[in-house]
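Shown next, in structure tokens, is the structure this report addresses.
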Amino acid sequence: MADSTRRFQAPKGTRDFYPEEMAFRRHIESTWRAVSIEHGFDEIEGPAFEHLDLYTVKSGEGIISELFSFTRAGGDVPYALRPEFTPTLARMYASRANSLPVPTKWFAIPTHFRAERPQRGRLREHVQWNIDMIGDPSANADAEVLATCIGVLDRFGLSARDMRVRLSHRDVITLALQNAGVQQPAMQATFELIDRREKMGQEAFQEQAMTIGLEASAIDRIEALARTTADASEDPCTILEAIGVGADAGEPLRQLQACLEAYGLLDWCTWDFSIVRGLAYYTGMVFEVHEATGSERAVAGGGRYDNLIELFGGPPTPACGFGMGDVVLGLVLKDRCGDSQVDSMPGPDAFVICDHDDESMLVQRILASLWKHRLHARRSYKSTRNVGKLLADADRCGARFTVLVSSDEPEGSVVLRDMQSKNQESISIDQLAGCIRSRLSATGD
RNA sequence: GCGAUCGUAGCUCAGUCGGCUAGAGCACCUGGUUGUGGUCCAGGGGGUCGCGGGUUCGAAUCCCGUCGGUCGCCCCA
């Protein structure tokens with residue numbers, strides 16, 4: 001009803017970002033961006049909606065129920081808000097594949113949308129950092145992508161004790177399943193079953209395994225496979241033996257291990273063959289990053305997808321990458337790092353207050369001068385002339401310096417107070433901005 | 001799409017076997033007339049008790065529906 005007193009709410013599963021939440025979001029995004037660039041990735045962005053076909057090509061018609069899809073009023077072309085970035089990435093890469101360098105290293109920090117019911121760690125709108133290394137089939141590329149992921153965790157102050165990078169490999173699992181007697185037609189369904197294993201009961205697992213058509217002996221071996229974990233520093237051959245695969249199949253694991261060792265990442269990583277990723281398009285290394293206690297959903301997930309660019313009309317091109325969403329990451333950061341990362345509102349360099357009725361617009365002139373010198377300057381809007389309250393106002397917003405326009409001061413000068421040392425001195429207005437600037441650089445602020 | 005649970009001020013909550021004009025703390029604003037950092041004192045703004053319907057003399061309170069939040073299922077990019 002178009003009631004004039006109607007109260008509007010944000011749509012289900014979306015978030016409003018007030019200044020504190022926005023500061024936290026920017027903290028996450030700027031960390032993603034900085035680490036991506038340091039690791040040699042270039043930022044890209046695409047449209048927030050695409051032709052619906054782009055998403056059904058890869059995932060089939062079944063995906064539609066989980067998308068926000070629509071047509072233009074009066075139009076008949078179906079569109080969808082993007083539920084993931086990979087199709088856009090593949091489309092962008094495919095249309096310029098011939099002129100792009102090898103490898104092409106791209107990242108993006110787009111918003112994504114999905115129509116399902118929200119739950120812990122999964123909302124209808126979220127921001128997801130995407131890293132992709134395209135055109136390089138080597139284990140080094142896998143490791144570089146992992147290095148970037150772990151680089152971000154480290155930058156957030158998380159350690160190898162806080163987080164676990166669980167590594168697996170589609171080829172190795174496929175071999176193990178074949179040796180266990182799983183027929184090719186049942187392979188993808190078996191992957192999906194393993195992917196869901198952790199949240200299923202023993203009986204449910206058995207039951208669904210039977211439904212797929214797996215034999216009892218195969219089910220036992222799959223369970224053993226999914227329980228197999230080992231430190232990433234362990235010899236892959238030993239692990240392969242445990243899951244019934246010949247040691248010669250372990251070459252990809254050995255290469256990956258060697259690269260991870262060189263990048264100094266082994267501490268973070270664990271071989272874990274319960275990780276398969278449900279998606280059909282992964283072809284090699286796959287991984288997920290979890291909080292160490294396992295109490296949250298995956299913070300990040302990805303792997304190698306050597307057939308995907310081709311599927312979207314590009315030349316056959318190997319690629320690997322991952323996504324990291326802001327929702328689960330935010331939960332983990334708040335839980336493990338406390339307020340130091342949450343409170344990241346920028347405090348002003350200078351805060352201007354005035355202890356009398358200012359009829360000469362001096363506060364405005366001072367602000368203009370500070371802004372002109374690219375200082376972060378704010379003022380008090382309180383009407384009180386009580387300096388104690390005005391200083392409290394400056395303190396509350398985290399000001400580094402306070403500029404006091406005082407009737408006690410001679411014409412053309414103000415009091416500059418250092419809010420950390422509490423020292424203050426009289427200073428000419430002409431020299432104010434330069435003085436603040438030089439003191440900020442002297443203290444490294 | 002399905003299930004459980006919750007919904008009183010910006011936030012955290014009290015009030016509810018149906019009964020005065022719906023409260024507190026925090027936050028916000030103002031004053032405490034020369035005062036230098038979240039203190040203290042006083043005052044103020046802010047709620048159609050999520051919304052709609054029903055029962056009743058009377059509903060924040062009981063019933064139904066709906067919209068949202070949370071948690072889970074399905075699915076997971």
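Model, not experiment: these values are computed from the prediction.
A:K422 comes within 4.0 angstrom of a base, heavy atoms only. Residue contacts shown for A:D357 are absent, as no nucleic acid heavy atom lies under 4.0 Å away. Using a 4.0 Å heavy-atom criterion, one finds that A:R396 contacts the bases of the nucleic acid, with or without backbone contacts as well. A:D355 comes within 4.0 angstrom of a base, heavy atoms only. Using a 4.0 Å heavy-atom criterion, one finds that A:S407 contacts no nucleic acid atom at all. If you check every strand for non-hydrogen atoms under 4.0 Å, A:G323 touches nothing. Using a 4.0 Å heavy-atom distance criterion, A:G398 is classed as making no nucleic acid contact. Residue A:R196 is classed as a sugar-phosphate contact, given heavy-atom separations below 4.0 Å to backbone atoms only.
Distance, A:L404 CG to B:rG37 P: 12 Å, rounded to whole Å. Protein atom CZ of A:F351 is 18 Å distant from nucleotide atom P of B:rU36, rounded to whole Å. As a whole-Å value, the separation of A:D195 CG from B:rC76 P is 7 Å. Between A:R124 atom CZ and B:rG69 atom C1' there is a gap of 13 Å when expressed in whole angstrom units. Here the P atom of nucleotide B:rC73 and the CD atom of A:E66 are 14 Å apart, to the nearest Å. Summarising the geometry, the separation between NZ on A:K382 and C1' on B:rA27 is reported as 11 Å, rounded to the nearest angstrom. Across the protein-nucleic acid pair, A:R417 atom CZ and B:rG35 atom C1' stand 13 Å apart, rounded to whole Å. B:rC75 atom P lies 12 Å from atom CZ of A:R297, rounded to whole Å.
Cation-pi geometry between A:R25 and A:F17 is met: the NZ or CZ atom falls under 6.0 Å from the ring centre, inside 45° of the normal. By the 6.0 Å and 45° rule, A:R124 does not stack over the aromatic ring of A:F68.
Between A:S36 and A:E43, the side chains place no donor N or O within less than 3.5 Å of an acceptor N or O (distance only, hydrogens not considered). A:N423 and A:S421 share a side-chain donor-acceptor pair at under 3.5 Å.
Rounded to whole Å, the P atom of B:rC26 lies 10 Å from the corresponding atom of B:rU39. Spacing of P atoms, B:rU56 relative to B:rA24, comes out at 35 Å, to the nearest Å. B:rA42 sits 42 Å from B:rG58 when the P atoms are compared, rounded to a whole Å. The C1' atoms of B:rU61 and B:rC2 are separated by 30 Å, rounded to the nearest whole Å. A gap of 43 Å separates the C1' atoms of B:rG3 and B:rC20, to the nearest Å. Comparing B:rA60 with B:rC51, their P atoms sit 10 Å apart, to the nearest whole Å. Nucleotides B:rG7 and B:rC63, compared at atom P, are 13 Å apart to the nearest Å. For the C1' atoms, the distance linking B:rA22 with B:rU16 amounts to 12 Å, nearest Å.
Set against B:rG3, B:rU36, B:rG31, the side chain of A:R385 has B:rG31 as its closest nucleotide. Of the candidates B:rG35, B:rG31, B:rG37, B:rG37 carries the atom nearest the A:M419 side chain, counting heavy atoms from C-beta on. Relative to the side chain of A:S383, the nucleotides B:rG38, B:rG31, B:rG72 differ in distance, and B:rG31 lies closest. Of the candidate nucleotides B:rG37, B:rG35, B:rC73, B:rG35 has the atom lying nearest to any side-chain atom of A:V387.
Remark: B:rG44 base-pairs with B:rC28. Criterion, Watson-Crick or G-U wobble with two distances under 3.5 Å. The partner of B:rU16 cannot be assigned: no Watson-Crick or G-U wobble pair with both contacts below 3.5 Å exists in any strand. Using Watson-Crick or G-U wobble geometry with both donor-acceptor distances under 3.5 Å, B:rC71 finds its partner in B:rG3. In this entry B:rC51 has B:rG65 as its Watson-Crick or G-U wobble partner, both defining distances falling under 3.5 Å.
Looking only at distances, a side-chain donor or acceptor of A:R170 sits under 3.5 Å from a matching main-chain atom of A:Y282. With hydrogens and angles disregarded, a donor-acceptor distance shorter than 3.5 Å links the side chain of A:R82 to the backbone of A:T111.
For A:N423 and A:E288, each mapped to the nucleotide of RNA chain B holding its nearest heavy atom, the one lying further toward the 5' end belongs to A:N423. If you find the closest nucleotide of RNA chain B to A:E116 and to A:V415, the one lying nearer the 5' end belongs to A:V415.
The phosphate of B:rU30 has neither OP1 nor OP2 within less than 4.0 Å of any side-chain N or O from A:T384. The side chain of A:S406 places no N or O atom within less than 4.0 Å of a non-bridging phosphate oxygen (OP1 or OP2) of B:rU36.
Residue A:R122 places a side-chain atom within donor-acceptor reach of the base of B:rC76, judged by atom type and a 3.5 Å distance cut-off alone. Taking 3.5 Å as the limit, the base of B:rG38 and the side chain of A:K389 contain no donor-acceptor pair of atoms between them.
Of the residues listed (A:R400, A:R439, A:Q424), the one engaging A:D418 in a side chain to side chain donor-acceptor pair (under 3.5 Å) is A:R400, and it is the only one.
In summary, A:R15 and A:D326 engage in a salt bridge, as defined by a charged side-chain N under 4.0 Å from a carboxylate O.
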